[in-house]
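Notes to accompany the following structure.
Values below: every heavy atom of this structure, side chains too, minus hydrogens, waters and symmetry copies. By convention in this document, chain letters (A, B, ...) are assigned in the order of the sequence lines, proteins followed by strands, and residues within each chain are numbered from 1.
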There are 2 protein chains.
Amino acid sequence: MLREYDFQKLDLVEDIEMCLENAKLELSKKQMLLKEKNIPVVVLFEGWGASGIGTSLGKVIQNMDPRFYNVVKMDRISEDDARKPFLYRHFYEIPENGKVTFYDHGWMNEVTSQYLHHDLSAKAYHRRIQSIMNFERTLVDNGYLVIKFFFHISKKEQAKRMKKLQKDDNTAWRVSKEDMWQNKHYDQYIDLYEEYIERTNTSYAPWYIIDATNKKIAQMQVLEILTGYIQHRITYGKSDAPLIENIFELNAPIRVNEVDLSPTISEEKYRKELKKCRKKLSQLHNILYRKKIPVVIAYEGWDAAGKGGNIKRVTSGLDPRGFTVYPIAAPDKGELNRHYLWRFYKRLPKDGHIAIFDRTWYGRVMVERLEGLCSENDWQRAYNEMNEFEKELSDWGAIVIKFWVQIDKDTQLERFTERQNTPEKQWKITDEDWRNREKWDLYETAINEMIAKTNTKFAPWYILESVDKRYARIKAMKILIEEIEKRIK
Amino acid sequence: MLREYDFQKLDLVEDIEMCLENAKLELSKKQMLLKEKNIPVVVLFEGWGASGIGTSLGKVIQNMDPRFYNVVKMDRISEDDARKPFLYRHFYEIPENGKVTFYDHGWMNEVTSQYLHHDLSAKAYHRRIQSIMNFERTLVDNGYLVIKFFFHISKKEQAKRMKKLQKDDNTAWRVSKEDMWQNKHYDQYIDLYEEYIERTNTSYAPWYIIDATNKKIAQMQVLEILTGYIQHRITYGKSDAPLIENIFELNAPIRVNEVDLSPTISEEKYRKELKKCRKKLSQLHNILYRKKIPVVIAYEGWDAAGKGGNIKRVTSGLDPRGFTVYPIAAPDKGELNRHYLWRFYKRLPKDGHIAIFDRTWYGRVMVERLEGLCSENDWQRAYNEMNEFEKELSDWGAIVIKFWVQIDKDTQLERFTERQNTPEKQWKITDEDWRNREKWDLYETAINEMIAKTNTKFAPWYILESVDKRYARIKAMKILIEEIEKRIK
C-alpha cells in the first residue's frame with residue numbers, strides 16, 4: 001500500500017488555485033456546522049520528514065476560524081511529558097466540542113520512531129499500538145470525529161527536498177538529524193509504516209494516504225476528504241457505539257451490601273498502628289520517589305462514609321511534595337466539553353508521585369448513570385473504557401488502588417444528622433446528599449455492577465469497612481503499604 | 001538581621017510533643033475556617049539548604065485536610081517553564097479560594113541563586129525583585145493571604161547536617177551540588193538574603209525568620225505564626241487596597257468616540273495588500289520562532305465590530321503550529337476562584353510563539369465594572385495591575401499589541417440585524433449583545449478611561465477603524481508587521 005504506491009505524475013488542473021480557494025471556503029463552512037452541532041474533531045497528520053505537512057496544514061486551514069481550532073506540534077516530548085503515561089500528552093490536546101485539533105505528527109510518529117531507534121521493545125511497541133487503537137476508539141465512541149492522513153513521498157523525492165532545504169541558509173535548520181536518518185533507513189521505515197497503517201486502519205478512524213509529491217494536489221486531497229468526512233457525520237449523526245466485552249482478567253465480584261461491617265479497632269491499637277503505618281509509608285514514599293514509580297489511588301464511597309478523614313490519615317505519612325489530593329466535584333465547562341476521562345488524564349501524577357482522587361472517573365457509572373447525565377450507551381461502555389484507562393496506568397508502571405468506603409444506611413443517617421446539628425460541619429452536608437440517600441438501593445445495584453465489571457487484576461477494588469472509621473483508615477494504609485512493598489521487591 | 005542572628009540554644013519545653021500536636025490541631029481548625037470563608041493562602045518556605053524545610057513542612061500540615069492544600073516543590077525550573085515569563089510558574093500554582101498552596105522554595109530562591117551564579121545581571125535581578133513585590137501585592141490586594149518563612153541555620157550547622165546526610169547511603173542523594181556550593185559561599189549568600197528580605201518585607205506580605213537549629217521548635221514557630229496570621233484575617237477581614245498611581249510612561253489618551261471611522265479600502269487594493277501582508281507575516285513568524293521572541297496580541301472591541309474576521313485574516317499568514325487563538329468567555333469555576341489574571345497567565349505562549357486573545361483581561365474594567373461583577377476597588381486597582389502584568393510580558397521579551405476594534409452605534413445595529421436575519425449567523429448574536437448595546441454610553445466612558453490609563457509605551461493600544469472591516473484587517477496586519485520589524489532589527 002505504501003511500498004507499491006503509484007506516485008502519479010498528476011498534472012495540475014489549470015485552475016487549481018481557484019479550486020483550492022473554493023475548497024478552503026467549503027471547509028470553513030463545514031467548520032461552522034461543527035461549531036453549531038458541537039462536534040469535536042481530531043485530525044492527525046503523519047508522514048515522512050520533508051513531506052510538507054506543516055506547509056500544507058497551514059494552507060488547508062487558512063479560511064477556518066482560528067478561535068475554534070488548534071494546531072499542536074507533537075514531534076518532541078518534553079521532560080515533564082516523558083514522566084507521564086504514553087497517551088497523556090495526546091489525550092491532553094483533544095479538542096472541546098465544536099472545535100478541531102490538528103496534530104502535526106502524533107502517536108504514530110512517536111511509537112514508530114521510538115521502535116526503530118530501539119527505545120521501545122517489540123513487546124512494548126505492540127502494546128502501544130493497542131493503546132492507540134483503544135484511544136482512537138474511545139474518542140469516536142464518545143462523539144469525536146477522528147481522521148488520519150499519511151503524507152507519502154518516495155525516497156528519491158525526500159532526498160531531493162532535503163538537499164534543497166539544506167542549500168538555503170534560511171531553511172537548512174528545518175532538516176533534522178532524524179530526517180536524514182529516516183531517508184537513509186527509508187526502506188525499514190516504509191515496512192513499519194505499512195504494517196502500522198494496516199493495523200490501525202479502522203472503520204471508526206480510517207487512514208487516508210496522501211500523495212504529497214505535489215503540494216497543491218495534496219492540499220486539495222486533504223480538503224476534500226475533510227469536508228466529505230465532516231459532512232457525512234452531519235448528515236448521518238452519531239450512532240450508538242457497540243459494547244465491547246471485557247477482555248481483562250477480573251477478581252471475584254464483591255457485593256457491598258453483603259460486606260461484614262462489624263470490624264473495629266480499639267483506640268489504643270489505632271494510635272499505635274497509625275504511628276507505625278505512617279513511619280512505614282514515609283520510608284516507602286521515599287523509595288517510590290527514587291524508583292520513579294507512580295501511584296494512583298481512587299476513593300469512592302457513600303456520602304459521609306469517611307473518605308476525607310481516611311485520605312487525611314493516609315497522606316499524613318507521605319511527603320507532601322510528592323502527592324496531590326484531587327477532590328472531584330462537577331466538571332467545569334472545559335471538562336464537560338471534552339471526553340469524560342480528560343479531566344482525570346490531565347491530573348495524572350508524574351512518575352514517582354502519588355495522585356489521590358476523592359471521587360473519580362467512576363462517577364460515570366454511578367451518579368451520571370443514575371441522574372441521567374449520560375446516555376445508557378455511554379455508561380455501559382464506560383466499564384471497558386475505565387478498565388482500558390487503568391490498564392494504561394498499569395502499563396506505564398503505576399500502582400493503581402481503588403478503595404470503596406462502605407457504611408450501612410443507618411450509619412449514614414446518624415452521620416448526616418450529626419453534621420446537620422454541628423455548626424462547623426454543616427458545610428459538609430447538602431440537599432443533594434439527602435436526595436442521593438433516597439436512591440440508596442439504586443446506587444447499591446450500580447455499585448455492585450461497577451465493582452463486578454472493573455475489579456481487574458491490575459487495578460483491584462478494596463472495600464474499607466468504615467462504620468468504625470479508624471478501622472478503615474488503618475486498613476487503607478496497610479493495603480497501600482502492601483501494594484507498594486509488592487512492587488518494589 | 002540574618003548575619004547577627006542570635007541562634008538560641010533553646011531548651012525544648014518538656015511537653016513539646018503535646019504542644020506540637022495541639023498546634024497542628026489548631027491549624028487544621030483554622031483551615032476549615034479558611035474553607036468556609038473562601039480565603040486563599042500562599043505560604044512561601046525559603047531558607048538554607050539542609051535547613052529542614054521539607055521535613056518541617058510535612059509535620060506542620062499533618063493534621064490539615066489534604067483536599068484543600070497543595071505543596072509544590074519549586075526548586076527546579078522545567079524546560080517548558082523556562083520558556084515562559086519569570087512569574088508564570090509561580091502564578092500558575094496559586095490556590096483557589098479556600099485553599100492553601102505551600103511553596104517549598106519559590107521566587108526568592110530562584111532569583112537569589114540565579115544572581116549569585118551570574119545567570120542574572122544586577123539589573124535583571126533588581127527588576128525581578130520589583131516583579132516579586134508587585135506579584136505579592138496584587139495577590140494580597142485580590143484577597144490572598146501571603147506569608148513568608150525563612151529557615152535560618154548557621155554555616156556550621158549547615159555543614160554539620162550535610163555531612164551527616166552524606167554519611168548515610170539512604171540520604172546522601174539529598175545533598176545537592178548546589179547545597180555544597182552554598183555552604184562554601186555562605187557569607188555571600190547571607191549578604192544577599194539579608195538584603196533581599198529587607199527589601200521584600202512588606203506590611204502586606206511579611207517575612208518571618210525561623211530559627212531552624214531545632215526542628216521541633218521551628219515547627220512550633222511556623223504553626224503559631226500561621227495560626228495567628230489566619231485568625232487575624234478572619235477577625236478583621238480584608239480591607240480595601242489602596243490605589244497605586246501609575247508609574248509607567250503613557251502614550252496620549254485616545255477617545256474612541258472621536259475616532260474618524262471613514263477610512264476604507266477598495267476590494268482590489270484589499271486583495272493585493274492581504275496577499276502581501278500574509279507573505280510578509282509568514283516570513284516574520286519564522287524569524288520570531290528562531291529568535292524565540294514571544295508575541296501577545298489582545299483584541300477588544302464592540303460586539304459585531306469584526307474581531308473574529310480580523311483575527312482570521314491576521315492568522316492566515318502565520319504558521320498554525322506557532323500561534324493559538326484564545327476566545328475568552330465567562331471564566332470557569334477554577335478560574336473564577338483564583339486571581340483574575342490567572343486564566344491569562346496560564347494561557348501565555350512559549351517564547352517564539354504567538355498568543356492571540358479574543359477579549360482579554362480588560363474585561364475587568366469593562367463588563368465586570370459595568371455589570372458589578374467586581375467591586376469598585378477591584379476595577380480601579382486593575383488599571384495598574386494590568387500595566388504591571390504587561391510590563392512582565394514586555395520584560396520577558398514579548399511584543400505586546402492591543403487592538404481596539406471600533407465601529408459606531410449605527411453600524412452595530414446594522415450588523416446585529418443582519419445576524420438576526422441570517423440563519424448561519426444567528427449563533428453569533430445573543431440577548432446579551434442587545435443588553436450590552438443599551439449600555440453603549442456607559443461602555444464608551446469605561447473604554448476611554450481604560451485606554452487612557454493603560455496606553456503604555458511597552459503595550460500600546462491601536463484603534464482599528466472597522467466600519468470597513470477590510471480596512472481594519474489590513475491595518476492590523478501592518479501594525480503587527482511594523483512592531484515585529486522594529487523588534488528584530
What do you reckon, is CG of B:D168 surrounded by more than 12 foreign heavy atoms closer than 6.0 Å?
yes
Does a sphere of radius 6.0 Å around NZ in B:K279 hold more than 12 heavy atoms from other residues, nucleotides or ligands, not counting ones at 6.0 Å or beyond?
no
Given B:T324, which of A:V72, A:N70, A:V71 fulfils the side chain to side chain contact (heavy atoms under 4.5 Å, CB included) condition?
A:N70
Per-residue contact mode, [X] against chain B (heavy atom under 4.5 angstrom):
{"X": "A:F68", "value": "side chain"}
{"X": "A:A329", "value": "side chain"}
{"X": "A:Q62", "value": "both"}
{"X": "A:F102", "value": "neither"}
{"X": "A:K307", "value": "neither"}
{"X": "A:I61", "value": "side chain"}

Does any backbone or side-chain atom of B:R174 lie under 4.5 Å from a heavy atom of chain A? Answer side chain, backbone, both or neither.
neither
Side chain / backbone / both / neither for B:Y326 at chain A, heavy atoms under 4.5 Å
neither
If you apply the rule salt bridge (charged side-chain N to carboxylate O under 4.0 Å, His left out), what do you find for B:E335 with A:K333, and how did you get there?
CA-CA 11 Å; B:E335 294 169 344; A:K333 219 176 49 187; over 6 Å; no
Kindly assign one of parallel, tilted or perpendicular to the pair B:W173 and A:Y289, based on the angle between their ring planes and the thresholds 30° and 60°.
tilted
Tell me, do [X] and [Y] make a side-chain contact under 4.5 Å, heavy atoms counted?
{"X": "B:P320", "Y": "A:K73", "result": "no"}
{"X": "A:I356", "Y": "B:P66", "result": "no"}
{"X": "A:S316", "Y": "B:K59", "result": "no"}

Please list all pairs meeting salt bridge (Lys or Arg N to Asp or Glu O under 4.0 Å) that have one or both residues in residues 309-328 of chain A, counting only residues at least two apart or in different chains.
A:D319-A:R321, A:R321-B:D104
